[in-house]
**Q** 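One structure coming up, written as structure tokens, with questions to follow.
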Amino acid sequence: MKKILLCASTRPEMIKMAPLYLELKNRSYFDPLLFSTGQHKEMLYQVCEAFHIKPDFDLEIMKERQDLFDITGSILSKAKELLKAIHPDIVLVHGDTTSSLALALACFYLQIPVGHVEAGLRTYNIYSPFPEEFNRQAVDIVSQYSFAPTELSRDNLLREGKKAETIYVTGNTVIDAMRHTVRSNYTHSELDWVGSNRLIFITAHRRENLGIPMHHMFRAIRRVLEEHDDVKAVYPIHLNPVVREAAEEELEGCEKIHLIEPIGVFDCHNFESRSYLCLTDSGGIQEECPSYGVPVLVMRDTTERPEGIDAGTLRLVGTDEKTIYETFTKLLENKEEYEKMSKSINPYGDGHACERIADILEGKEYQAWDSKYLACKGVVNFPMDVPNII
Ligand code: UD1
Ligand code: UDP
């Protein structure tokens with residue numbers, strides 16, 4: 001039996017690692033253990049509850065207004081003895097958080113093999129997103145297995161000199177999660193409040209957007225909402241107090257928007273799928289919305305997910321108030337512009353990424369995810385109401 005340690009320490013990591021953990025647990029070849037640094041607390045356990053899982057280990061490092069030194073330093077000092085005691089055959093880390101970086105580094109120091117799930121995403125701007133672009137590049141350097149979600153992420157790794165035989169194109173595991181969350185008969189009181197108005201879904205949290213950029217983003221959003229009668233917005237605010245202060249300052253008192261607590265992953269995916277438009281600086285939402293054909297205005301200067309831009313569903317609008325205001329307004333008022341973006345093309349996966357990763361780790365043959373092939377076959381629409389595995 002292969003002892004695999006799966007690390008998931010923040011909300012998006014847990015959403016994307018939970019289906020993989022469940023897949024490995026279903027196979028007798030593996031002895032999977034779930035590990036969290038505790039970089040997130042409430043937001044992490046909200047996901048665990050939804051998937052009915054619980055970390056076997058939690059370093060519980062989170063503190064309010066933590067900085068990057070807090071996160072990296074406390075993980076490195078706490079993980080060493082635990083990793084030595086667990087002695088896993090392989091450690092799987094995800095994406096680009098500072099937890100993933102610190103754990104990959106700890107494994108490198110202890111010479112434990114690392115597999116990187118969601119490898120090869122790049123902006124090639126080390127400060128955007130910050131610190132994620134550095135984190136993922138560094139994790140890719142120390143990984144023995146690179147599970148690239150798309151052909152484009154594989155090509156990035158090849159260009160950087162990673163050996164072809166260590167890279168596997170699997171699709172993104174977030175699509176696996178979505179197959180089990182989106183339901184056609186879903187209801188929620190916030191959706192009742194929106195009624196027949198157009199739903200605008202908003203999230204924001206990026207470190208490089210904290211401060212002035214975030215205030216500009218919110219001001220633009222408020223102006224547009226107040227100028228349009230038939231739109232209502234729902235914004236589940238991240239628990240970061242800096243984000244909450246900015247959101248409350250700029251958006252409180254606006255009757256067109258509901259500021260709510262972070263919602264569970266089932267709610268979030270169902271809200272997104274029913275949205276007219278999404279405004280976000282999130283990474284994961286850029287992968288989810290294209291699957292439903294919901295246009296996304298990405299409030300960032302760069303994206304590591306250009307597949308969605310090519311597919312037409314994502315548009316980079318940066319954090320300038322005027323640009324966000326104008327683009328958001330145009331998409332509400334110009335049907336043709338909107339329809340250009342609203343296409344059901346899903347470049348990020350077919351919902352079978354976890355099976356592929358498990359097959360690879362088991363040494364079995366695997367069929368790479370090929371978005372172009374499936375798109376030609378017409379397999380582009382999102383499968384709703386797949387029998388629930390959870
Ligand atoms: C982190 C990741 C980012 C990822 C994001 C997903 C880093 C540096 N950043 O950013 O890549 O996109 O998670 O959401 O790895 N907090 C709580 N409870 C929680 C979670 C957060 O109270 O469950 C508050 C705490 O005050 C914490 C603050 O939010 O100090 C910021 O959390 P942190 O993980 O440092 O940053 P994120 O913006 O969440
Ligand atoms: N999400 C959620 N509840 C919320 C907001 C987001 O479950 O209130 C989900 C969302 O569907 C996506 C993930 O969290 O799967 C994105 O997380 P986040 O934006 O925090 O991080 P990022 O993807 O930017 O790393």
Side-chain angles (χ1 to χ4, degrees), residues 7-19 36-51 58 60-72 74-75 93-103 118 121 129-136 139 172-178 181-182 190 201-210 214 234-245 258-273 275 278-289 291-292 294 296 298-300 303-305 348:
C7 302
S9 308
T10 63
R11 170 172 67 192
E13 288 167 77
M14 192 56 89
I15 291 171
K16 292 168 167 180
M17 289 296 250
S36 166
T37 64
Q39 179 176 338
H40 281 181
K41 193 160 59 184
E42 301 86 348
M43 285 162 55
L44 185 87
Y45 280 90
Q46 202 174 20
V47 182
C48 293
E49 244 172 63
F51 284 93
D58 187 344
E60 296 185 342
I61 62 145
M62 197 201 89
K63 60 180 192 182
E64 206 178 286
R65 296 173 200 262
Q66 60 204 2
D67 67 20
L68 300 173
F69 293 91
D70 296 325
I71 304 172
T72 316
S74 43
I75 295 171
V93 299
H94 185 277
D96 53 20
T97 65
T98 295
S99 283
S100 299
L101 167 73
L103 286 173
E118 202 179 87
L121 275 65
F130 175 85
E132 289 83 0
E133 178 66 13
F134 170 76
N135 290 350
R136 57 191 169 222
V139 174
N172 198 304
T173 60
V174 77
I175 309 296
D176 299 39
M178 287 161 65
T181 52
V182 185
E190 287 298 335
F201 190 68
I202 296 164
T203 77
H205 72 83
R206 294 244 82 80
R207 259 187 164 71
E208 68 273 15
N209 285 346
L210 299 178
M214 204 164 269
V234 177
Y235 171 15
I237 317 183
H238 191 288
L239 290 180
N240 187 339
V242 186
V243 176
R244 297 172 88 81
E245 282 152 16
H258 272 186
L259 306 181
I260 60 173
E261 292 302 313
I263 49 178
V265 58
F266 283 94
D267 298 312
C268 195
H269 290 177
N270 280 287
F271 274 43
E272 289 167 7
S273 70
S275 295
C278 180
L279 287 101
T280 189
D281 63 9
S282 159
I285 291 175
Q286 294 178 57
E287 291 149 353
E288 292 160 1
C289 284
S291 300
Y292 325 107
V294 172
V296 182
V298 183
M299 299 182 289
R300 295 172 43 183
T303 183
E304 57 293 279
R305 292 162 170 96
Y348 293 113

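Atoms within each ligand, like the ligands themselves, are counted from 1 in listed order. By convention here, the first residue in the shown sequence is residue 1.
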**Q** Can you check whether V139 reaches V93 side chain to side chain, under 4.5 Å on heavy atoms?
**A**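 Contact flag for V139/V93 side chains = yes.
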**Q** Got a sec, which residues hit ring-ring contact (aromatic ring centres under 6.0 Å, His included) with H238, two or more places apart in sequence or on another chain?
**A**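 Once residues adjacent in sequence are excluded, the partners of H238 under the ring-ring contact (aromatic ring centres under 6.0 Å, His included) criterion are H40, H205.
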**Q** Which one of I263, T10, D96, I260 has a non-hydrogen atom at the shortest distance from atom 8 (O) of ligand 2?
**A**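 Residue with the shortest heavy-atom distance to the ligand atom: I263.
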**Q** State the atoms of ligand 2, each with its element, that fall below the 4.0 Å cut-off from a heavy-atom position in G284.
**A**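 Result: 22 (P), 23 (O).
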**Q** Among E288, E132, E287, which residue meets the salt bridge (Lys or Arg N to Asp or Glu O under 4.0 Å) test with R305?
**A**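 Of all the options given, the one that passes is E287.
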**Q** Any atoms of ligand 2 less than 4.0 Å from a non-hydrogen atom of R206? List them with their elements.
**A**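 Counting from 1, the qualifying ligand atoms are 24 (O).
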**Q** By number and element, which atoms of ligand 2 are closer than 4.0 Å to a non-hydrogen atom of G283?
**A**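 Ligand 2 atoms under the 4.0 Å threshold to G283: 22 (P), 23 (O), 24 (O).
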**Q** If only side-chain N and O atoms count, and only distance matters, is there a donor-acceptor pair under 3.5 Å linking T97 with N135?
**A**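 No, no side-chain donor-acceptor pair sits under 3.5 Å.
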**Q** Quick one, N209 with R300, criterion side-chain contact (heavy atoms from CB on, under 4.5 Å). Give me CA distance, side-chain angles, the key distance, then yes/no.
**A** CA-CA 8 Å; N209 285 346; R300 295 172 43 183; 4.3 Å; yes
**Q** Side chain to side chain donor-acceptor pair (under 3.5 Å), that's the test. Do T98 and T72 meet it? Break it down for me.
**A** CA-CA 7 Å; T98 295; T72 316; 5.2 Å; no
**Q** So that I can tick it off, tell me whether E13 and K16 are bridged by a salt bridge, with the cut-off set at under 4.0 angstrom between side-chain N and carboxylate O.
**A**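 Looking at E13 together with K16, the answer is no, because their closest N to O distance does not fall below 4.0 Å.
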**Q** Could you tell me whether R136 and E118 make a salt bridge, using a distance below 4.0 angstrom between a side-chain N and a carboxylate O?
**A**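 No, R136 and E118 are not salt-bridged.
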**Q** On a heavy-atom basis, I'd like to know which of C268, G95, S282 is closest to atom 19 (O) of ligand 2.
**A**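 Closest candidate by heavy-atom distance is S282.
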**Q** Please list, in number order, the atoms of ligand 2 under 4.0 Å from a heavy atom of P12.
**A**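 Result: 17 (O), 21 (O), 22 (P), 23 (O), 25 (O).
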**Q** Salt bridge check: are E64 and K41 linked by an N-O gap of less than 4.0 Å?
**A**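 Salt bridge between E64 and K41, a charged N being under 4.0 Å from a carboxylate O: no.
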**Q** Run the numbers for me: atoms of ligand 2, each under 4.0 Å from some heavy atom of V265, listed by number.
**A**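 Listed by number with element: 7 (O).
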**Q** Which of the atoms of ligand 2 are close to P236, meaning less than 4.0 Å from one of its heavy atoms?
**A**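 In order of number, 8 (O).
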**Q** Who passes side-chain contact (heavy atoms from CB on, under 4.5 Å) against A18, sequence neighbours left out?
**A**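 F51, I53.
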**Q** Quick one: list whatever passes side-chain contact (heavy atoms from CB on, under 4.5 Å) with E245, sequence neighbours left out.
**A**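 Listed in chain order: R65, P241.
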**Q** Quick check on contacts: which atoms of ligand 2 are under 4.0 angstrom from a heavy atom of E288?
**A**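 So the atoms of ligand 2 that pass are 10 (C), 11 (O), 12 (C), 15 (O).
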**Q** I need the atoms of ligand 2 closer than 4.0 Å to a non-hydrogen atom of E272, numbered in the order shown.
**A**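 Under 4.0 Å from E272, ligand 2 has these atoms: 10 (C), 11 (O).
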**Q** Quick one: look up the protein heavy atom nearest atom 4 (C) of ligand 2 and list residue, atom name and how far away it is.
**A**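 Looking only at protein heavy atoms, the one closest to atom 4 (C) of ligand 2 is R11 NH1, 3.2 Å.
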**Q** Which residue and non-hydrogen atom of the protein lie closest to atom 9 (C) of ligand 2, and at what distance in Å?
**A**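 It is I15 CD1, 3.6 Å.
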**Q** If you count only heavy atoms, which residues are under 4.0 Å from ligand 1?
**A**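 Lining ligand 1 at under 4.0 Å, by heavy atoms, one finds T10, P12, Q39, H40, K41, E42, M43, M62, K63, E64, R65, Q66, L68, I71, T97, T98, P131, E132, H205, R206, R207, H238, L239, N240, P241.
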**Q** Quick one: which of S99, S74, S100 gives a side-chain hydrogen bond (donor to acceptor under 3.5 Å, both in side chains) with Q39?
**A**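 With Q39 as partner, side-chain hydrogen bond (donor to acceptor under 3.5 Å, both in side chains) holds for just one option, S99.
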**Q** Which bit of H269 gets closer than 4.0 Å to ligand 2, counting heavy atoms only: side chain, backbone, both or neither?
**A**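 Just the side chain.
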